[in-house]
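A short worksheet on the structure shown next.
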Amino acid sequence: MASVSPELISPRSSRVAAARRLGKRNFRGKERLFLAEGPQAVREAAAHRSAGAATLVELFATVDAAERYADIVGAARDAGARVHLASEDVIADISTTVTPQGLVGVCRFLDTPFEEILAARPRLVAVLAHVRDPGNAGTVLRCADAAGAEAVVLTDASVDLYNPKAVRASVGSLFHLPVAVGVPVGQAVTGLRDAGVRLLAADGAGDRDLDDELDKGSMGGPTAWVFGNEAWGLPEETRALTDAVVRVPIHGKAESLNLATAAAVCLYASARAQRAAGGCRSVTGN
């Protein structure tokens, strides 16, 4: 069981400085470590293991937070993480949020090789092809988790999975399902298609209507939804790689849906179709 270090008074501590640097992408990539902030993310990190090793390696906590979330601190210790009791100034120095919640974890990278995702024969996948906003990326990951997707793929044209905003927006879902990163779009599409997965591009200008696809009963099989950039959607060359371009119907007067909302609608539509009779999932099965 890991010990608790003395309170870290100075933000100039070498441990604090090392954690602070993880707010920058180049340091995250070099160390293959990232920050998880707040009780929900730290709780999930403490419970997670990747490649046989504990994901959470270090935890900084204020005295108040350590008392309030004693169960999380205990789980961190049980996972082998070193726990530092820190002043509020130290937490504020490490944190990337305006109002820190008193817990900041240092975690090992946990992305999954794309080949492992394909080998698992996934039935529902979210592909973030050109998503640049970290908050949207994390929210789509959360939607995929909630809809029961088996994997998320971030292409090399998308945002860093370990950006603190993306980690926060996932609200712990980052630790729940396999995520592949840095996969070229063409490789992602070809690999999933070869694994028997139908590729659907989500685009407001799609020539197929999501309601019509559901009515035709064409969405019960393994499916990967490809989502594009928040402002300009998917490039034509990416749409052309997919099996169909599908739009979410707008029944009211709204001009469009934002990325995360459209992703939730598309993923849940597939999840429901797959769980219906004749789909690739049973009503109560896996």
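Please read these numbers as outputs of a predicted model, since none were measured by experiment.
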Gap separating the [atom1] atom of [X] from the [atom2] atom of [Y], nearest 0.5 angstrom:
| X | Y | atom1 | atom2 | value |
| --- | --- | --- | --- | --- |
| T190 | L199 | OG1 | CG | 8.5 Å |
| H48 | R108 | NE2 | CZ | 12.0 Å |
| R132 | N163 | CZ | CG | 13.5 Å |
| F227 | L128 | CZ | CG | 7.5 Å |
| E213 | L200 | CD | CG | 7.0 Å |
| I117 | L192 | CD1 | CG | 8.5 Å |

Answer yes or no: is there an ion pair linking E44 with R142, defined by an N-O contact shorter than 4.0 Å?
-> no
Under a 4.0 Å N-O cut-off, is there an ion pair linking K24 with D160?
-> no
Considering all heavy atoms, the nearest [X]-[Y] contact:
| X | Y | value |
| --- | --- | --- |
| A129 | T238 | CB-CG2, 4.5 Å |
| Q274 | P222 | NE2-CA, 4.0 Å |
| T55 | S50 | OG1-N, 3.8 Å |
| V42 | A36 | CG2-O, 3.5 Å |

Starting from the C-alpha separation in whole Å, work towards a yes-or-no answer on side-chain contact (heavy atoms from CB on, under 4.5 Å) for V131 and L154.
-> CA-CA 8 Å; V131 176; L154 276 78; over 6 Å; no
For V57 and R82, what are the C-alpha separation, side-chain angles and deciding distance, and is it a side-chain contact (heavy atoms from CB on, under 4.5 Å)?
-> CA-CA 6 Å; V57 297; R82 182 166 178 78; over 6 Å; no
Any donor-acceptor pair under 3.5 Å linking the side chain of [X] with the backbone of [Y]?
| X | Y | result |
| --- | --- | --- |
| E37 | P164 | no |
| Y162 | L110 | yes |
| R239 | L234 | yes |

Residues R32, D111; criterion salt bridge (charged side-chain N to carboxylate O under 4.0 Å, His left out); working and verdict | CA-CA 10 Å; R32 289 194 59 81; D111 44 279; 3.8 Å; yes
With a 4.5 Å limit on heavy-atom distance, are the side chains of V106 and L35 in contact?
-> yes
Answer yes or no for R21 and F27: cation-pi contact, defined as NZ/CZ to six-membered ring centre under 6.0 Å and angle to ring axis within 45°.
-> yes
V248 with M219, same ILVMFWY side-chain cluster at under 4.5 Å | yes
Is the count of non-hydrogen atoms from other residues, nucleotides or ligands lying under 6.0 Å from R198 atom CZ greater than 12?
-> yes
With no hydrogens and no angle check, do the side chains of E88 and T62 hold a donor and an acceptor under 3.5 Å apart?
-> no
